[in-house]
Amino acid sequence: MKQTDSDTSVRLPAPLVSVIIPTYQRADRIYQTVMSALQQTFTDVEVIVIDDASTDHTVDVIQGIDDSRLRLIVHQINRGGNAARQSGIDAAKGTWVAFLDSDDLWEPDKLSKQLTRLKEAGPQYHFCYTWFDLQLDDGSVLPAQKVAIEGMGRPELLGVHLIGTFSTMMISRETLHQAGGLDPTLPSCQDWDLILRVSPMTGICVVPEVLTHYWHGDGERISTRSSSVVEGHYRIYQKLRRHYPELPAAHVESSQRYIMGVLAHHGATRQLLEIIKEIYPRLLSRGNLTFTARMVGRSIRRQISRVGTHA
């Protein structure tokens, strides 16, 4: 199969669900991920894998899977996760789009249960997520964070990143297009950014079961690169500021504390102080001042530790 930035598959009738799998350097895991999509009990799907210029054998593994529903797009240069997802969205033919990261796995009835839940929720609902657990390299599993927030414009889903990962999400292709697609420049918080984009447009519902398994093993990931985490969260904060006037004060405070905690954990003292300066009047209560001082202290310690490690 020729490696190009275009879709190289044979065109088939439009499916109901397009599964979009962006991948990079995942030759060791991509087979299991693709098969967990192809082996769904709901079979009216196309599975679009977008290889983001891998230099390992990822493409060879994908080409070795014999299933007419599988489509492959290959980027000639590495463009990042959201750019790869957007290539998949642009090529998708399904009414619904489900995202699956190339190191995660689905339970066989994941898509079926989401479609059923969306039908139950009604025509105003165009977004459905599931619960997920975290799979570690040693075979152990961290318990699921069981978020069960549903409805239209729920502030809890805006201010804090609760849904957690693209791999739980199903969304109508029309809603994705109306939201303007994904932001390819965002280095992290890409899934949270999607929630911010679509929450004002559609109802959000959940299947309250662990149907997605998120791999949290060793290796290079966005979550292991502090610079990406810091930039992504700081940019998300800038977007969240536009929503804060519409949110209850308690949700605004929870959101700001969440962002400050992430920045402190990664030693991003400059960005942390910029936020503190901006929201200073809200920090005058004793509890907020104590929390803020603790975050500044943590950030400085992390920064000193990082400098010492590289010295």
Side-chain angles (χ1 to χ4, degrees), residues 19 21 26 28-30 32-37 39-41 81 98-118 120-121 127-151 154-171 188-196 199 204-226 228-229 232-233 236 250-251 253-255 257-266 291 294-295 298 302:
V19 179
I21 305 177
R26 292 296 186 196
D28 59 334
R29 299 189 65 86
I30 188 63
Q32 292 91 337
T33 298
V34 171
M35 294 309 296
S36 81
Q39 293 175 347
Q40 289 289 298
T41 57
F99 297 102
L100 177 59
D101 285 349
S102 61
D103 47 7
D104 297 339
L105 301 171
W106 284 343
E107 286 295 310
D109 53 358
K110 190 257 191 190
L111 295 181
S112 175
K113 288 186 174 181
Q114 284 185 292
L115 289 168
T116 298
R117 182 68 193 101
L118 283 161
E120 293 170 348
F127 186 107
C128 183
Y129 66 101
T130 74
W131 290 348
F132 69 98
D133 59 20
L134 280 76
Q135 309 273 331
L136 304 182
D137 275 342
D138 62 5
S140 60
V141 178
L142 299 182
Q145 179 176 326
K146 297 182 177 180
V147 176
I149 299 171
E150 298 186 307
R154 293 296 297 268
E156 305 95 319
L157 295 178
L158 294 180
V160 177
H161 188 19
L162 295 176
I163 291 179
T165 170
F166 268 112
S167 296
T168 71
M169 301 179 186
M170 177 183 286
I171 182 172
S188 67
C189 299
Q190 297 165 342
D191 36 17
W192 191 0
D193 182 58
L194 179 59
I195 302 300
L196 294 180
S199 183
I204 294 176
C205 60
V206 60
V207 179
E209 299 180 43
V210 176
L211 300 175
T212 302
H213 304 295
Y214 175 86
W215 181 62
H216 199 264
D218 295 332
E220 179 72 7
R221 308 174 62 91
I222 287 174
S223 58
T224 66
R225 300 194 298 270
S226 283
S228 295
V229 173
H233 279 82
I236 283 289
H251 290 298
E253 181 175 330
S254 175
S255 176
R257 283 184 170 226
Y258 178 83
I259 296 285
M260 290 167 67
V262 172
L263 296 178
H265 177 76
H266 288 274
F291 172 81
R294 191 165 69 247
M295 292 302 100
R298 179 183 299 174
R302 294 278 185 175

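Quick note: numbers below take in every heavy atom, side chains included, and nothing from hydrogens, waters or symmetry partners.
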Validation row: W106, L111 side chains within 4.5 angstrom (heavy atoms): yes

Contacts of type side-chain contact (heavy atoms from CB on, under 4.5 Å), residue V210, not counting sequence neighbours: W131, D133, A144, H213

Sub-4.5 Å side-chain heavy-atom contact between P208 and K146: no

Pairs satisfying salt bridge (charged side-chain N to carboxylate O under 4.0 Å, His left out), at least one member in residues 154-163, at least two apart: R154-E156

Residue among I171, T165, V19, D104 satisfying side-chain contact (heavy atoms from CB on, under 4.5 Å) with F99: I171

Listed partners of T33 passing side-chain contact (heavy atoms from CB on, under 4.5 Å), at least two apart: I21, L100, L105

Parallel, tilted or perpendicular: ring planes of Y214 versus F132, cut at 30 and 60 degrees: perpendicular

Within-4.5 Å side-chain heavy-atom neighbours: L162 and Q145: yes

E150 CD to F127 CZ distance, which is reported to the nearest 0.5 Å: 12.0 Å

Nearest-0.5 Å distance that lies between atom CG in L194 and atom OG in S199: 10.5 Å

Backbone N/O of E107 and side chain of Q40: donor-acceptor pair under 3.5 Å: yes

R302 and H266: CA distance, side-chain angles, deciding distance, side-chain hydrogen bond (donor to acceptor under 3.5 Å, both in side chains) verdict: CA-CA 7 Å; R302 294 278 185 175; H266 288 274; over 6 Å; no

Validation row: V206, V147 side chains within 4.5 angstrom (heavy atoms): no

Side chains of L115 and M170 in contact at under 4.5 Å (non-hydrogen atoms): yes

side-chain contact (heavy atoms from CB on, under 4.5 Å) against S255, all qualifying residues, sequence neighbours excluded: L240, Y244

Working for side-chain contact (heavy atoms from CB on, under 4.5 Å), residues L263 and M295: CA-CA 9 Å; L263 296 178; M295 292 302 100; over 6 Å; no

K110 NZ to E209 CD distance, which is reported to the nearest 0.5 Å: 12.5 Å

Sidechain-backbone polar pair: S102 side chain, I30 backbone, donor-acceptor under 3.5 Å: no

Separation between CH2 of W215 and CD of Q32, rounded to the nearest 0.5 Å: 11.0 Å

Under-4.0 Å salt bridge between R117 and E120: yes

Listed partners of T41 passing side-chain contact (heavy atoms from CB on, under 4.5 Å), at least two apart: P108, D109, S112

Pair T212, T130: side-chain N/O donor-acceptor within cut-off below 3.5 Å: yes

T168 backbone acceptor or donor facing Q114 side chain under 3.5 Å: yes

Nearest heavy-atom neighbours spanning I195 and L157: CG2-O, 3.4 Å

S228 backbone acceptor or donor facing S188 side chain under 3.5 Å: yes

Pair D103 + R29, salt bridge at N-O below 4.0 Å: no

Test salt bridge (charged side-chain N to carboxylate O under 4.0 Å, His left out) applied to D191 - qualifying residues, sequence neighbours left out: none

Backbone of L158 reached by a side-chain donor or acceptor of W192 within 3.5 Å: yes

